[in-house]
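Below: the structure, in structure tokens.
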Amino acid sequence: MTTTALDEPLERVGGGWTAALSLSNVAIWVGWYGPLQILLARQAEDFAPGTGMSKETLLAWVTGVGAVVSLFANPFFGALSDRTTARRGRRTPWIVAGAAGGALSLLVLAGAGGLWLMMLGWCLVQLTLNASFAAVTAAVPDRVPRLQRGSVGGWLGAAQILGAVTGTGLATAAGGIAAGYAACAGFVVAGVLPYVLRYEDVRLPPADRPAWTWRSFLRGFWLSPRRHPDFGWAWLTRFLINLSNALVILYLLYYLRDRLHHDDPEQGVLILTAVNSVTLLATVVVGGVWSDRVGRRKPFVKWSGVLMAAATALLAGWQTWAGAIVVAALLGVALGVFMSVDFALMTDVLPKALDRGKDLGVINIANALPQVAAPALAAPVVTHLGGYRVLYLVAAVLGLAGAVLVGRIKGVE
């Protein structure tokens, strides 16, 4: 363990620490993906007739507004954790508070009887779980040496997809919308306990905490691309590739039901998620470990992005159930490598140790902003500008652009 939170970590972390942190990440993604994959879409179908909106538009509004909350919540709580001098460390208090708040917010969604309470509940879920996510993410550069971050990032990436599968499975198997939310809420709380109870967090000495002013706090969220070009290009590549992926999954339930006329679209979502997860798990840790061993990040990020774009373009031209399965498998292979190595690349371009949580929060805007942009872009394309074929072609072009721009990062090989 490092002596203070601002030291550059040198001692490799053990498998138990990585497993516990990864389980915390699984819990957070269960809280997000159970709703996103199944429960919110089902509520949108129930509430849409009384609003004058289509189910697609209503779901786009709810997820889009929630993503706006996420945009601000992640860097905000990351910055607060950077300045936390609690006895339990900088990050642990926020992991606990975020998980507890997330579970309660999921229960609010379980009791939602209409659009506005549904939107409020989802915004609260985004607010609280982002507090936990910001802290979990920042624990990696706090504790993990640079040449181990690819492998740790691989396990965190595996945790994300396991969270998606688990959340989708809980939402599907629970037997109803309210029961699905309750199951996800229970998992969120249980999943963070091994890490927060067993492992000591690094502490920030009060003397190292910068003086507080709202002006300096708010100004710190802007990182000039001119002063930090590698940070800027890394952020843009992540945004474009994540936007491409968000466009693919946003209307997956509706795509299976309305375009492919699948007999059981909810079960179809679960099957595609499982196929994607299996192939992702086959590459996510291997990609991170391989990147650590060769000491390079950019080629892995670039070519995984190219493969994701190619698979998305294939989905535009091969709109069958068999095509969907093949694309889910290819996207999993590529996304596994991208998730682990791109995370390591991001930690390599952080400007300074004092602001790790805040800066990773700014980077994580590149995860949240696509959730805002995707509904705004996807809804008119699907309903007025050519349907799902055009949507997936647009997604492929965006993903390819992100892959190409990786070459503009100069400070990382």
Side-chain angles (χ1 to χ4, degrees), residues 33-34 36-42 44-45 48 54-57 59-60 63 161 164-165 167-169 171-173 240-284 303-339 370 374-375 377-403:
Y33 265 78
L36 278 172
Q37 292 283 66
I38 299 293
L39 300 173
L40 289 175
R42 290 176 63 184
E45 287 184 314
S54 68
K55 61 184 184 292
E56 293 89 353
T57 301
L59 182 61
T63 56
I161 198 61
V165 173
T168 304
T172 303
L240 290 172
I241 292 175
N242 278 325
L243 177 57
S244 174
N245 193 52
L247 290 172
V248 171
I249 67 174
L250 177 65
Y251 290 153
L252 183 57
L253 182 69
Y254 302 153
Y255 171 71
L256 295 181
R257 173 176 297 165
D258 302 336
R259 182 67 180 87
L260 300 189
H261 306 293
H262 193 280
D263 292 338
D264 188 346
E266 291 184 7
Q267 187 70 18
V269 170
L270 184 58
I271 291 171
L272 293 179
T273 302
V275 169
N276 181 267
S277 302
V278 169
T279 55
L280 188 153
L281 290 172
T283 60
V284 65
W303 290 108
S304 62
V306 169
L307 179 56
M308 290 174 67
T312 304
L314 182 63
L315 186 61
W318 189 12
Q319 296 198 331
T320 66
W321 173 240
I325 292 176
V326 170
V327 169
L330 291 174
L331 286 175
V333 170
L335 189 59
V337 177
F338 176 79
M339 286 171 62
L377 180 59
V381 169
V382 170
T383 55
H384 302 298
L385 300 177
Y388 290 104
R389 192 180 305 277
V390 174
L391 178 68
Y392 295 141
L393 285 174
V394 170
V397 170
L398 291 170
L400 183 61

**OP:** Begin from the C-alpha positions of L272 and L256 and carry the test side chain to side chain contact (heavy atoms under 4.5 Å, CB included) through to its verdict.
**Re:** CA-CA 10 Å; L272 293 179; L256 295 181; 4.0 Å; yes
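- Distance CG/L330 to CG/L315: 10.5 Å, rounded to 0.5 Å.
- Taken from CG in L335 to CG in L307, the straight-line distance is 10.5 Å, to the nearest 0.5 Å.
- Taking all atoms of both residues into account, the shortest heavy-atom contact from A378 to L247 is CB-CD2, 3.9 Å.
- A distance of 6.5 Å separates CG in N245 from CG in L331, rounded to the nearest 0.5 Å.
- Of all heavy-atom pairs spanning Q319 and L260, the tightest one is O-CD2, 3.3 Å.
- For the atom pair CD1 of I271 and NE2 of H262, the computed distance is 5.5 Å after rounding to the nearest 0.5 Å.
- The main-chain N or O of A329 is found under 3.5 Å from a side-chain atom of T279 such that the two form a donor-acceptor pair.
- Judged by distance alone, the side chains of Q267 and T172 never bring a donor and an acceptor atom under 3.5 Å apart.
- Residues L270 and E266 fail the side-chain proximity criterion, which asks for heavy atoms closer than 4.5 Å.
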Original post:
Does the side chain to side chain contact (heavy atoms under 4.5 Å, CB included) test come out yes or no for L400 and M308, once each step is laid out?
Top reply: CA-CA 8 Å; L400 183 61; M308 290 174 67; over 6 Å; no
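- Note that OH of Y392 and CH2 of W318 are 15.0 Å apart. Values are rounded to the nearest 0.5 Å.
- Between T312 and A395, the closest heavy-atom pair is CG2-CB, 3.6 Å.
- When all heavy atoms are compared, the tightest approach of T283 to G336 is OG1-CA, 3.4 Å.
- Here the closest heavy-atom approach between residue N242 and residue F338 is recorded as OD1-CE2, 4.5 Å.
- In this structure, L252 CG and L36 CG are separated by 12.0 Å, a value rounded to the nearest 0.5 Å.
- For the pair Y388/V248, no side-chain contact is recorded, criterion being any heavy-atom separation below 4.5 Å from C-beta on.
- Across all their heavy atoms, A374 and L243 have their closest contact at N-CD1, 3.9 Å.
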**OP:** Go through the steps for T57 and S54 under the test side chain to side chain contact (heavy atoms under 4.5 Å, CB included), then give the verdict.
**Re:** CA-CA 5 Å; T57 301; S54 68; 3.0 Å; yes
